[in-house]
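Okay, so here's the structure we're looking at.
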Amino acid sequence: MSACVPTRTDSKRTQRIHRPHSPPSTPPRRFRIAGADVSAAIAVFLIALPLSLGIALATGAPLQAGLVAAAVGGIVAGRIGGSPLQVSGPAAGLTVVTADLIQRYGWRTTCAITVLAGLAQLGLGCLRVARTALAVSPAIVHGMLAGIGVTIAVAQLHIVLGGTPQSSVLANLRALPAQLAGLDPAAVAVSAMTLTLLQLWPRVPGRAGRLLRRVPAALIAVSGATAAAALAGLVLPKVDLPSWRSHALAGLPEGPALGLVAAVLTTTLVCSVQSLLGAVAVDKLIATRPGGSARVGRSDLDRELLGQGAANIVSGTLGGLPVAGVAVRSSANVQSGAVSRNSTMLHGVLVVVAALLMVPILELIPLASLAALVMAVGIQMVSLHHIRTVTRHREALVYAVTTLGVVFLGVLEGVTLGIAVAVAVALHRLTRTRITHDEKEGVHHVHVRGQLTFLAVPRLSRALHYVPQGSHVVVELDGSFMDHAAYEALQDWQKTHTAQGGTVELTGRRVATGTDPGAADPGADTSTGTDAHADTASAPHTAHPTRHLGSARAECQCRPWTPWRNHRCEVPRPAPAASASGQHPGRHPDRQPGQHPDRHPDRHGDAPRPTEAGQTTDPSVLTPLGGTSVPPAPLGGRQLVHGITAFQRNTAPLVRGELARLAREGQRPTQLFLTCADSRLVTSMITSSGPGDLFVVRNVGNLVPPPGEESGDDSVAAAIEYAVDVLHVRSITVCGHSGCGAMQALLQSDPGQTQTPLRRWLRLGVPSLERMADHRRPWPRLAGRAAADAVEQLCLTNVVQQLEHLRAHESVARALRSGELELHGLYFHVGEAQAYLLQGQDEGVVFDHVGAVDLTA
């Protein structure tokens, strides 16, 4: 058979001839802009136009400078930058910096400083240090933005009241009483209308609201206030755009060299950090869109820094404001469906067109309306979400110091002060180690909380000195780091105490000592994810096997407050002699045939550990000191006891304070979570909730009996009534899951079968079967794909059906009518570890991915 395959020829086609070893010529590509990019560009342009004018007004710069920065940011940074969908332009975060520079050095020198800052950004981008900016604590960044927001809001408040802002926050605050006494009613009316439209426009209800909300609220607020002022004939200062012929460009920097260097550094720092953090936030927003980032690549931060530097050079040269990535416009760009950098560039082109052709319309805008818009932006920069986040991470001091420093000292001074406080807090946490010693039932406990460094060695030695010779000691290390000095001190004491007849047990994290054959580097951080649940097994275990405490630690090896990866916890397997009972020597009695002994989801599979005098740590053969065998407890009972022992020892001390508070205050859950009794559904894990957060109702198949159902189960209805009327929960979630055994039983049910309690209960799921069989109703589906099989389709349909049953309950219907309750449908795919949230109601019912949405952007 010939290996040559004749090629098909087509006489109708003309063959292109090219030289050997050269690539074939390709037809020229036509430049096309996707429709999604066009609509996104228009939406961003409508937001950028009033904001650019307002920010220029707030800085005291020529109003054209805001338009120049918006156009350059869109075209230059959009074309060169490494974040395709981030929109750059004049940012509110730069308002205070720019206003200070203009007051000190004048406008032309400020433009020169912007050019120099762009050159510095180009240098940093070439050095590829963009990732270093992300090392700044988020508390410092949020504090900086909050301080800038306060400064903006206080300054713009004077324009809103019809006056003129002062040079500093303190001066503005001192002048505020006099300004309130002499306010301008016309300016206040226009500002109040702007703020009212800005707040109410996104809240227009119904289908009309969904259509109207496509027009940006900022544009509606400024346009509405402008139209009202014109119709009412109010005499107010308005936007004044002089001729472009008289527009001031950058000049040579004039001023003290040290001051100019500090100004360039400040502008570079604020522009770079804000742009890089904005690029990371845009990546997160793109990842949460349907389809994810399949068409949009992740941001190249070094290239983004180069793009921002180029944009600042061009903007400063042309007499524009400093340029940085802007969160509001970037999020609007992503949410409008942009798919490439063409949307950002087109928005810049539209700004250029507006600056040249719409000058008569722009000059109708009252300055008070723009000031109110910028004041609202400044207030939004003080985010309650950020405050709660930094408080939860115990960084409220860093946030507060940075904010106050920026407000009263300046941006560079405030950020420097925040960095100093952050370093001091980190050092304090590193050196803050609490060491306690107590005795319980003859066992001495030495508990170390915090990082164990050389600074804590004297206190550690003092606590260990109080331990009597020959006693049993448990040293609990509740930290993630131990340096060489602390390691040697602990190792030397352990050897001495063991040589004097005592026993030592090290717990809390993986500890390698000189007595451990697999000794690790003492200075290494050993609390890694893969070994997180094997920590206590690796620690030296010298406790006597007859001690209940020691055997519990050897058998239960699950640490609290750690990831669940490779979670396997059990008592050791019986000895091979178990084969006399008909079991295979290598098979666990509870293991299914064909299952690998090390792959059981809840099994360690450790062999019995031999000890002195031929004894073993196998708890099925516990031998007390007298030598009399104790009958082993059932396997499930041993697991229960071991789990409770681990909780009381490891977890209870950590949660005791929180549970004591809940015991005093009573339960105040915000959600009723109704889900299946399947053991694979861990509600606290799926929802990242803790004690007191969820009121959970579980049953087979996550079923909600309709009210008045004959032979129904009043316990579910009682739980619903109690949660809504007594606990006043704000939401109810019905959660189904993949591979539900109840749904499988429903599909395989036979009407002629004997009615057992389980079959009578599953009868409540028949409406879900009927709903799935009704072809007039669209089948619920998962985002991006249909259901994998009939069981998954029934699981999805069942969630929708049970929500209908839920609405029929009187307490739920009453709370829904008053707007005090929300209903949610959730589907959890066990194998994917992915939650899907129900979107829509009757038509096009879709369970969409629940991702990590960055609300701070």
Residue pair E395 / H142, side-chain heavy-atom distance below 4.5 Å:
no

Should the heavy atoms of other residues, nucleotides or ligands under 6.0 Å from CZ of R303 be counted, would the total exceed 12?
yes

Taking all heavy atoms of C271 and all of V323, pick out the closest pair and write down the distance.
SG-O, 3.6 Å

Applying the side-chain contact (heavy atoms from CB on, under 4.5 Å) test to V377, which of L51, L198, I152 qualifies?
L51

If you round to the nearest 0.5 Å, how far is CD1 of I80 from CZ of R341?
9.5 Å

D184 side, atom CG; L236 side, atom CG - distance, nearest 0.5 Å:
6.0 Å

Is L306 close to L122 at the side-chain level, that is, under 4.5 Å between some pair of heavy atoms?
yes

Please give me the minimum heavy-atom distance between G66 and S52, naming the atom from each residue.
O-CB, 3.5 Å

Check: V44 main-chain N/O paired with R329 side-chain donor or acceptor under 3.5 Å
no

Answer whether the closest heavy-atom distance between the side chains of V374 and L57 falls below 4.5 Å.
no

Has the side chain of S275 got a donor or acceptor atom that lies under 3.5 Å from a matching backbone atom of S272?
no

Can a donor-acceptor pair be found, under 3.5 Å and without considering hydrogens, that links the side chain of N312 to the backbone of T114?
no

Do V349 and I75 come within less than 4.5 Å of each other through their side chains, counting heavy atoms only?
yes

Mind checking what makes side chain to side chain donor-acceptor pair (under 3.5 Å) contact with T194, not counting sequence neighbours?
S369

Tell me whether S315 contacts the main-chain N or O of L321 through its side chain, where contact means a donor paired with an acceptor under 3.5 Å.
yes

Should L85 and T344 count as side-chain neighbours, where that means a heavy-atom distance under 4.5 Å?
no

Spacing of CG belonging to D302 relative to SG belonging to C126, to within rounding of 0.5 Å:
9.5 Å

Using a 4.5 Å cut-off on heavy atoms from C-beta on, say whether the side chain of V390 contacts that of P138.
no

Minimal heavy-atom distance between V382 and A146, with the atoms involved, is CG2-O, 3.7 Å

With rounding to the nearest 0.5 angstrom, report the CG to NZ distance, L370 to K238.
12.0 Å

Side-chain donor-acceptor contacts of residues 250-269 below 3.5 Å, not counting sequence neighbours, with atom names and distances?
from: T266; atom 1: OG1; to: A262; atom 2: O; distance (Å): 2.8
from: T267; atom 1: OG1; to: A263; atom 2: O; distance (Å): 2.9
from: T268; atom 1: OG1; to: V264; atom 2: O; distance (Å): 2.7

Closest non-hydrogen atoms of T317 and V115, given as atom of the first, atom of the second and distance, are N-CG2, 3.5 Å

Say you draw a straight line from CG of L417 to CD1 of I140; how long is it, rounded to the nearest 0.5 Å?
9.5 Å

Are more than 12 heavy atoms from other residues, nucleotides or ligands located less than 6.0 Å from atom CZ of R429?
yes

Taking all atoms of both residues into account, what is the closest heavy-atom pair of A217 and W201, and its distance?
CA-CD1, 3.8 Å

Side chains of M375 and L195 in contact at under 4.5 Å (non-hydrogen atoms):
yes

So, the side chain of S383 versus the backbone of Q380: is there a donor-acceptor pair under 3.5 Å, distance only?
no

Just verifying a value: how many Å separate E363 CD and L63 CG, rounded to the nearest 0.5 Å?
9.5 Å

Treating T402 as the side-chain partner and V415 as the backbone partner, does any N or O pair qualify as donor plus acceptor under 3.5 Å?
no

Would you say the side-chain atoms of T403 pair up with the backbone N or O of G143, donor to acceptor, closer than 3.5 Å?
yes

So does T389 get a backbone contact from the side chain of H393, meaning a donor-acceptor N/O pair under 3.5 Å?
yes

Within a strict 4.5 Å, meaning less than it, do heavy atoms of the R394 and V425 side chains meet?
no

Donor-acceptor contact present, side-chain S191 to main-chain A368, <3.5 Å
yes

Minimal non-hydrogen separation, L373 against A218, with atom names:
CD1-CB, 3.9 Å

For the pair H158 (side chain) and A155 (backbone), establish whether a donor and an acceptor sit closer than 3.5 Å, ignoring hydrogens and angles.
no

With sequence neighbours left out, what residues match T95 under side chain to side chain donor-acceptor pair (under 3.5 Å)?
none

Identified side-chain contact (heavy atoms from CB on, under 4.5 Å) partner of V401 from the options L397, L404, V398:
L397

